[in-house]
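Just so it is clear, the structure is predicted and the values come from calculations on it, not from any experiment. Order of the sequence lines fixes the chain letters, A, B, ..., with proteins taken first and strands second; residue numbering starts at 1 for each chain.
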2 protein chains.
Amino acid sequence: MARVRLQDVAEHAGVSMKTVSNVVHSHPNVSESMRERVQRAIDELGYRPNAIGRRLATGRTGLLALAFADVRLPYFSELANEVSKAAAATGSGYRLLLEETEGTIEGERAVLSASEAGLVDGMLLQPSQMSSREIAERHGDLPMVLLGEGPAPLTVDRVMIDNVAAATVATEHLANLGRTRIAFVGHEKSAMSSTSRQRIMGYQEGLERRGLPVEHDLLIDTNAITSHDAALAVGAALDRGVRFDGLVCRDDLAAIGALRALHERNISIPDDVAVIGWDNIAFASTTFPSLSSVAPNTQALARVALDMLAERIEGFDGIGRHRIVDFELVLRESAPAAFPTEEPDLAAATVSA
Amino acid sequence: MARVRLQDVAEHAGVSMKTVSNVVHSHPNVSESMRERVQRAIDELGYRPNAIGRRLATGRTGLLALAFADVRLPYFSELANEVSKAAAATGSGYRLLLEETEGTIEGERAVLSASEAGLVDGMLLQPSQMSSREIAERHGDLPMVLLGEGPAPLTVDRVMIDNVAAATVATEHLANLGRTRIAFVGHEKSAMSSTSRQRIMGYQEGLERRGLPVEHDLLIDTNAITSHDAALAVGAALDRGVRFDGLVCRDDLAAIGALRALHERNISIPDDVAVIGWDNIAFASTTFPSLSSVAPNTQALARVALDMLAERIEGFDGIGRHRIVDFELVLRESAPAAFPTEEPDLAAATVSA
DNA sequence: CTGAAAGCGCTAACAT
DNA sequence: ATGTTAGCGCTTTCAG
């Protein structure tokens, strides 16, 4: 059975294509009898509008690209889910095309040029390697919003949380717990991302505010953003005699790796070492001990990003808007509340931005 | 700057659209001088072919839908990554549209009807709720391959691992470790999926082969497929006096929850209770203790599925082919090798299907 | 080897 | 309120 087209329905019902189109779109100006007649033809023929034809005519595909390093990173898969929910909630009917850049500059370039092909109406991109300048040059006239604290040209919209502030809050929380030797774990050994850079800046700020030691030894880098590499790196640091009683982790992956390295060496968490992760991924609540973590408000992030992107798609052409969304420090067992008064209920304890 | 079209290039180069098209497609029958001239025009104008126009003309979008319950489940995000790599590797140039069904029948229906609209060339679907019959009826003429052990009509292609056999292997491995009271954890309390059903069948088979007790008490169900719910369920079972020394988990999420429940009660793993998960997600190697797990060969699964889908898209119209791909039992600390001879190197230890 | 023209299925002016 | 018609950007016979 060949596909049935708008035209076929029109003939079958003995009306023009325009009328069928009106019925399909529930256009107001259609008489009831007409609507019925056409609807019958549609049902009889089993007509389904063809998205491609429509899109060629309207210039809209109803597709948005969401591009980031790797879906396997829990932060990104949770973000994808959030964006897709937010898109559904707006009723705009947008669907998501997921693109992975592998965190490489080639990957980021590929994603930008591929999306120019008119397949998508706009793009949400979390860059990490490309320079601001290249992003600005390459995206051409594709409506785009940048996600995260990576490079961002002033001409392009961007939404992120205040990473420096959040890292400071996390570090100071450890200080509140009486920790004096606080290490940072999980930044890239080479080619440090702006994400890591900002979190380290905030970490240092926290230490300085509390008059705690800032030492290079307390910066534990990893080969890759995986819990496995973090476990190795933290283990190696411990084994070569680096001592710390608090750990601010670049992300929950690093934190989970750190937990393992500490467990292996019978170091008690949080008694000997308190640990704070970042991203508040789903697993954070079921590690042992459960993980305190910086929780970006990804729901707000998704909503704000989609709103801005929608405006760009509608034709808004102003200068780039840079938006900040809030975060919380979710306190769990690995770095609990400092004072009973700080938070009565650990499971829900938060310090807002 | 407005988009530059094939037409513009043709005019700029002073040739016909057909010639430009030939150059774009590296058609053999084009003189070298012509090719150069056109290529220059393409470069000067910065022409990028429009995917939608092409699709309308060819009937192909180069888009494949990958639909499953929820990207946040690590098995699925890892699968998505694998499929997208496999698609890239074939050079077919397919890109992936991710669709989430939320594991509900409405979600599955929505995904099937949305894809009918001609936006995608084919679909990879991991169903869980829909009946075989409904799948067969609804997918219409959309090329489709089913993933996993869910419902699958005989008329549709499907690829999966042998869940019953894998569960038996896992259960027998625990028996090899001398475990005699082996429980199963993580199936849905209500509306049990075929996935859970098959794994439980294999588990029972394993127990029976070894003459071990098969008791309803040893079936620990959960409210949802999350590590959090699994931790609660296992904790509750322990607290009401259920005793076991081995745990076959429906998936790694359940296993991670189980680890937490056991830790909380100071039960030693694997000494008191050995644990085997399922899916071999990335975290399995950095939990504490690290997790033994059934590892489906997702790479093969992705490849086989894409191959079959490609054939369907090419027009193959035979009866549904049901393919089985292999799996391994990856042995780590939570349920190590039974005998020194079984596997010298724990980290890489496997028992193949 | 290259050009002209007819669609692919739908939308949206513009008419009536 | 309904019909006509000209595209949207590309591919693809069919001629030349």
Is it true that B:T195 and B:E149 share a donor-acceptor pair across their side chains at a distance under 3.5 Å? yes
Taking atom types as modelled and ignoring hydrogens, do the side chains of B:E108 and B:S128 form a donor-acceptor contact shorter than 3.5 angstrom? yes
Report which part of the nucleic acid B:M17 touches: base, sugar-phosphate, or nothing (heavy-atom distance under 4.0 Å, all strands). base
If you look at every strand shown and take non-hydrogen atoms under 4.0 Å, does B:S21 touch a base, only sugar-phosphate, or nothing? base
Separation of [N] [atom2] from [X] [atom1] (nearest whole Å):
X     : N      : atom1 : atom2 : answer
A:R60 : C:dT11 : CZ    : P     : 14 Å
A:M34 : D:dT2  : CE    : C1'   : 8 Å
A:D8  : C:dG9  : CG    : P     : 9 Å
A:L56 : D:dT11 : CG    : C1'   : 12 Å
B:E11 : D:dG9  : CD    : P     : 13 Å
B:R35 : C:dC1  : CZ    : P     : 10 Å

5′-ward residue of the pair A:V24/B:N22 relative to DNA chain C: B:N22
Which value, rounded to the nearest 0.5 Å, describes the distance between A:L6 atom CG and A:N50 atom CG? 10.5 Å
Measuring from atom CD of A:E314 to atom CG of A:D121, what distance do you get when rounded to the nearest 0.5 angstrom? 10.0 Å
Distance below 4.0 Å between B:T58 side-chain N/O and D:dT12 OP1 or OP2: no
Given C:dT11, is OP1 or OP2 found less than 4.0 Å from the side-chain N or O atoms of A:R54? yes
Does A:E44, at its CD atom, have more than 12 non-hydrogen atoms belonging to other residues, nucleotides or ligands within less than 6.0 Å? yes
Among the nucleotides [options], which one has an atom lying closest to any side-chain atom of [X]?
X     : options               : value
B:P49 : C:dG3, D:dC10, C:dC10 : D:dC10
B:T19 : D:dT11, D:dC8, C:dG3  : C:dG3
B:L6  : D:dG3, D:dC10, C:dG9  : D:dC10
B:K18 : C:dC10, D:dC10, C:dA4 : C:dA4
A:R5  : D:dT11, C:dC10, C:dT2 : C:dC10
B:H25 : C:dT11, D:dG9, D:dT11 : D:dT11

